[in-house]
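First up is the structure itself, then whatever we jot down about it.
These values consider heavy atoms only, across backbone and side chains, with no hydrogens, waters or symmetry-generated copies. Throughout, protein chains are lettered first and strands after them, A, B, ... in sequence-line order, and every chain is numbered starting at 1.
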2 protein chains.
Amino acid sequence: MLETAILGLLNESPLHGYELRKRLNLLLGSFRAFSYGTLYPALKALVARGLIETADPEPTATTGRTARPPSGKAPLTTGRRGRIAYQLTPEGKEHLQTVLSSSGPAAWEDENFDVRFALFAQTDAETRLRILEGRRIRLTERLEAVREAAARTRERLDEYTLELQRHGLEQVEREVRWLDGLITTERDRARGRDRDHTTGAPDAPSPRSKERG
Amino acid sequence: MLETAILGLLNESPLHGYELRKRLNLLLGSFRAFSYGTLYPALKALVARGLIETADPEPTATTGRTARPPSGKAPLTTGRRGRIAYQLTPEGKEHLQTVLSSSGPAAWEDENFDVRFALFAQTDAETRLRILEGRRIRLTERLEAVREAAARTRERLDEYTLELQRHGLEQVEREVRWLDGLITTERDRARGRDRDHTTGAPDAPSPRSKERG
DNA sequence: GACTCGACGTATCGAGTCGATACATCGCGA
DNA sequence: TCGCGATGTATCGACTCGATACGTCGAGTC
């Protein structure tokens, strides 16, 4: 799912590897932190598949730091200030849209959910809701399984193991409640936004109508 | 750290791979779940290092099912009821004690802490406390780093990304509070167990007697 | 009896990921 | 001028997972 995260970030602006990694880790918060050993091969693979291509980075107009002029030699091995920026190709945009509109089990498993959630701003409302609900079911299933396994164990465990299990269960329960809140919010929004249809408008900049918080 | 978990489990009773994995995953609760592709190579490596050795499993005297006699051929490829039980060697026990009494950074990093915690029943009180405190510092450091990184970001993120970050921070904060409770419990126990020779007492808490309260 | 099915049990493989590391440029302060 | 830390690209070894293969065994089921 690293690939999806990359495509999602590049859909907002072209970026080079170093910056991409920083944003990636910021995007996923304190959860995951992809390393270069993962990122660069993934970029290569995406280029090979024609989903992204190299490009010039934005001049970063906010600060005065302009991109350096190509004064003199540029040892092609690794360019002398060798920024290699990437941007989506049309195929990449298309592929990203396909992925973002999918909501199968692959979207709500542990290793994918946070990436998909981080890209919710680019995901349509219906898919958001389906992913949240699928994730919720997945977690409650696991809750059930762990509780059952613990009950079936006739060996009595020491207090530390029990505390670890209790803590783990509590974490998952809290996650479920978090999802409940998100699902409620999404349903409310869907009700407020839509009376008869209107499934699209994924770009629509956030409706500042905060009056009904 | 899989190796430590294996040694810790085998220190209680000899086990074969299948059972070992079940207990391993029960031990670590809903956190981690080692797979066979991890377990069996680890067992091999431990045998090669002389820390564990094959043994006969316990006869499971509760039910009438006795271990089968070696009647006839036993295709050595995978024994016909090919349970291969493992037990600690003296070197293994010694190594386990060394590991369990260590409390360096390796003990409280993400990938090790839960295993070490699950083996707290076999760990002495002083080491328990050091690991818990080290873990707490580690988490607060991360909290600080993430908060700072978020503050330094001038790009304003969409609401979903923000929510993901908020949720992640909250999880870690809750983890810290969990550790606080455990640390308090451990300190109280140490006080109850030992009167005068308190090792560090960096907090120097007011000696209020809560046993009557 | 013959059939399937699911639990038990050992074992490997490919793919994905991390952490460490290497190498290079740049700006900055001592 | 020197080192140092941030920026920047890139690879390697080690670890882990999920899927899969192969095999035994007991319990149904018709």
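When the P atom of C:dA22 is taken as reference, atom OH of A:Y18 falls 18 Å away, rounded to whole Å. Taking atom CG of residue B:L20 and atom C1' of nucleotide C:dA11, one finds them 15 Å apart after rounding to whole Å. Here C:dA7 presents its C1' atom at 14 Å from CZ of B:R21, a figure rounded to the nearest Å. Atom CZ of B:R83 and atom C1' of C:dA11 are 17 Å apart (whole Å). Taking atom CG on A:L24 and atom P on D:dT9, their separation rounds to 14 Å, with Å as the unit. The CG-P distance, from B:L15 to C:dC8, rounds to 15 Å in whole Å. With rounding to whole Å, B:E111 atom CD is found 13 Å from D:dA14 atom C1'. Between the C1' atom of D:dC17 and the CG atom of B:N25 lies a distance of 12 Å, rounded to the nearest Å.
For A:K44, no side-chain nitrogen or oxygen approaches OP1 or OP2 of D:dA10 to under 4.0 Å. Of the side-chain N and O atoms in B:Y40, none sit less than 4.0 angstrom from OP1 or OP2 of C:dA11.
With sequence neighbours left out, B:Y18 forms a ring-ring contact (aromatic ring centres under 6.0 Å, His included) with no residue at all. The salt bridge (Lys or Arg N to Asp or Glu O under 4.0 Å) check on B:R116 picks up nothing, with sequence neighbours excluded. Shown here are the side chain to side chain donor-acceptor pair (under 3.5 Å) partners of A:T4, two or more places apart in sequence or in another chain: there are none. For A:E94, the salt bridge (Lys or Arg N to Asp or Glu O under 4.0 Å) criterion is met by no residue, not counting sequence neighbours.
Contact check for B:L7 versus B:L100: no side-chain heavy atoms found under the 4.5 Å cut-off.
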Could you pull out the protein-nucleic contacts involving nucleotides 15-18 of chain C (nitrogen or oxygen on both sides, under 3.5 Å)?
unit_1, atom_1, unit_2, atom_2, d
C:dC18, OP1, A:A33, O, 2.9
C:dC18, OP2, A:S35, N, 3.0
C:dC18, OP2, A:T38, OG1, 2.8

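Figure legend. D:dC30 is base-paired to C:dG1; pairs are counted as Watson-Crick or G-U wobble with both atom distances under 3.5 Å.
Sequence neighbours left out, the pairs with a member in residues 101-148 of chain A that pass ring-ring contact (aromatic ring centres under 6.0 Å, His included) are A:F113-A:F117, A:F117-A:F120, A:F117-A:W178, A:F117-B:Y160, A:F120-B:Y160.
In this structure, A:T89 contributes its side chain and A:E53 its backbone to no donor-acceptor pair below 3.5 Å.
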